[in-house]
Visitor: 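Take a look at this one; I'll ask things after.
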Amino acid sequence: MATDTLKSTPGARGGATGGLRRLLLDNGALTALIVLVIAMSALSGDFLTADNLLNVGVQAAVTAILAFGVTFVIVSAGIDLSVGSVAALSATVLAWSATEAGIPVVLAVVLAVATGIVCGLVNGFLVSYGKLPPFIATLAMLSVARGLSLVISQGSPIAFPDSVSHLGDTLGGWLPVPVLVMVVMGLLTAFVLGRTYIGRSMYAIGGNEEAARLSGLRVKKQKLAIYAFSGLFAAAAGIVLASRLASAQPQAAQGYELDAIAAVVIGGASLAGGTGKASGTLIGALILAVLRNGLNLLSVSAFWQQVVIGVVIALAVLFDTVRRKAGATAPATGASGGGKGKQALTYVIAAVVAVAVVGATSLLHNGSSAADRPKIGLSLSTLNNPFFVQIRDGAEEEAKKLGVDLTVTDAQNDASQQANQLQNFTSGSLSAVVVNPVDSDAAGPSVRGANQAGIPVIAVDRGVNEADTSALVASDNVEGGALGAKALAEKLGGKGTIVILQGQAGTSASRERGAGFAAGLKDYPGIKVVAKQPADFDRTKGLDVMTNLLQAHPDIDGVFAENDEMALGAIKALGSKAGTSVQVVGFDGTPDGLKAVRAGTLYASVAQQPSELGRIAVRNALRAVEGEKVEKMVKVPVKVVTKENVAGFEG
């Protein structure tokens, strides 16, 4: 009787209002998505366009596919931190097999999918039979899979087979294939969860593993299958991602495992297991994609974007907690019948409400799309490095001087994230785009999209392959590496032992600087390289790597670091040896690097004048917009800066 009374109360008190409240509470993620879409539509006139909405779908695709696989694991009360690395490994296996090994493309695809499944099976075995916590088992696989990807590719991107690259294209010139793959994988997830024995087993194991075992379920074998599913979906996501970039990037999908887990949890699944559904996961992935897309269009600082996304994730999960405490219906766990009909009706009502409100808000932007000031987008490979911060500062200074609105984004050394940002620029109302590619090959497809839209593109510091750029504003990394070799060798008198601190594996800057240094060193046979190790262009890693190398090679005479940040870390590790018994040469000419040159701890830095790169790039972008002639190659001279000439150098 008490239960009946409680059930009847909302209807008696609220009628339609109570029903709406219940609808919102029962569909927290969907409500959040609708609110976000309405807000972005009201704030940006560029958001609600067909091209941009398709961009959102494409940008959600990889995260959603990964998240569908992670849904199986989370429903069964597990966790999988390895999906991003497994995606990169599977794509690398496919590209290497089809190109380097000469295996037919069809077999290479099968091998890539098998790689993902095997990684999942290993995870499942460690969890089920090795009794390792899922967090530890999959964390180990995260490291192993990423390492194997780097080993197979030797740290360099591998071109993707053309026949598979079509997965990153569109059908009929408008429908993106990644979106179709996402939909297919979502339907497969819904079918497995709702219509199969293994799906029901996932819910049973997640609800109470011991009860499931006592009920006759072979829990260990089921977990093998569950993690194998996760590996399969990770492989599919890796193939789709590499197809978009036209290359397999060994460092691709870093951090995507966290996005995938966030999408599942935002979609209503519980990390405690037992609940979750495919539709919720899809909505969670779309929320993340809408956020990133909208914040790009609104020119929100790249640093604040991370803050906003983190806050929204926390609020979404908090809302779900409130919903559960308020007694809302738990997320569907594969039930059929009237529940599914009610769920479908909910989605229809939500779509109608969203379209109506969005249509109304779009009227705010009618007739106001024309802008008096030219708009230019600047996509930088990273803003965690002083060199690229100087490029940004120079670009912003020139944009202010010329009366240009400049939108700056930070790709965080992630080629796929930069592809998303460039797509957002293309679908927005920008006059031109300036891009500093994470990787020259991976930026090609997105820049070709800008070419098709008639938007001029200026490349800065690094070129773009297989696409048309109005100009390349750059210094020569290869020449700079050779100048660095000459400066260090001559300082050492043409003989001695040195170590090399390399940049982030797979980046064109690291490859080019390393190749130039190696070529320049050939003129000095008395110089011997005793060790090469990557330190990822990072000062802290430069300190750690240099400290380790000194244990094996305490008597070295010199160090070449492929940027000033690593050089400064090496100087810290060398202590009093820096500038006395050990000579260090860096690259970039950053303010901190030049300060070390003045102090004598850094012998030299190959300076590229990054601020000037930014200024010239914006200047040429505006010229391209106004139809003026632009030189295809604009060279900014590099210069070896030592203590003797640092006083007269201006970066």
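When reading the values below, keep in mind they use all heavy atoms of this one structure, side chains included, and skip hydrogens, waters and symmetry mates. Since the structure is predicted, the reported quantities are computational estimates derived from the model, not experimental observations.
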Visitor: Please find the pair of heavy atoms, one from R146 and one from P250, that lie closest to each other, and give the distance.
Guide: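 Shortest heavy-atom contact: NH1-O, 2.9 Å.
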Visitor: For a quick check under 3.5 Å, do Q418 and S379 share a side-chain donor-acceptor pair by atom type?
Guide: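 S379 and Q418 do have a side-chain donor-acceptor pair below 3.5 Å.
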Visitor: If I take atom CG from residue L175 and atom CG from residue L54, how far apart are they, to the nearest 0.5 angstrom?
Guide: 7.5 Å
Visitor: Working to the nearest 0.5 angstrom, can you tell me the gap between Q154 CD and T92 OG1?
Guide: 11.5 Å
Visitor: Verify the distance criterion only: is there a donor paired with an acceptor across the side chains of N52 and N293 at less than 3.5 Å?
Guide: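 Yes, because at least one side-chain N or O of N52 sits under 3.5 Å from a partner of the opposite role on N293.
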Visitor: Could you tell me whether E398 and R615 have a side-chain N and a carboxylate O separated by less than 4.0 Å?
Guide: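 Judged by the 4.0 Å cut-off on N to carboxylate O distance, E398 and R615 do not form a salt bridge.
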Visitor: Can a donor-acceptor pair be found between the side chains of D468 and N451 at a distance below 3.5 Å?
Guide: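 On atom types as modelled, these side chains do not qualify, holding no pair under 3.5 Å.
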Visitor: Check A419 against R244 and note the closest heavy-atom contact, atom names and distance.
Guide: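 Closest approach of A419 to R244: CB-NH2, 3.9 Å.
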Visitor: Using ring-ring contact (aromatic ring centres under 6.0 Å, His included) as the criterion, list what pairs up with F537, not counting sequence neighbours.
Guide: none
Visitor: When you compare the side chains of S416 and D414, does any donor N or O come within less than 3.5 Å of an acceptor on the partner?
Guide: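 Yes, because at least one side-chain N or O of S416 sits under 3.5 Å from a partner of the opposite role on D414.
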Visitor: So with a 6.0 Å cut-off around CD of E626, is the heavy-atom count from everything else above 12?
Guide: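 For E626, atom CD is crowded (more than 12 foreign heavy atoms under 6.0 Å).
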Visitor: Please list every donor-acceptor pair under 3.5 Å in which a side-chain atom of residues 160-168 meets a protein atom from a residue at least two apart or in another chain.
Guide:
unit_1	atom_1	unit_2	atom_2	d
S165	OG	P161	O	3.1
H166	ND1	D169	OD2	2.7

Visitor: Does a side chain donor of either S446 or Q423 reach within less than 3.5 Å of an acceptor in the other side chain?
Guide: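 No - no donor-acceptor pair under 3.5 Å links their side chains.
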Visitor: Looking at R513 and D476, does any basic side-chain N land under 4.0 Å from a carboxylate oxygen?
Guide: no
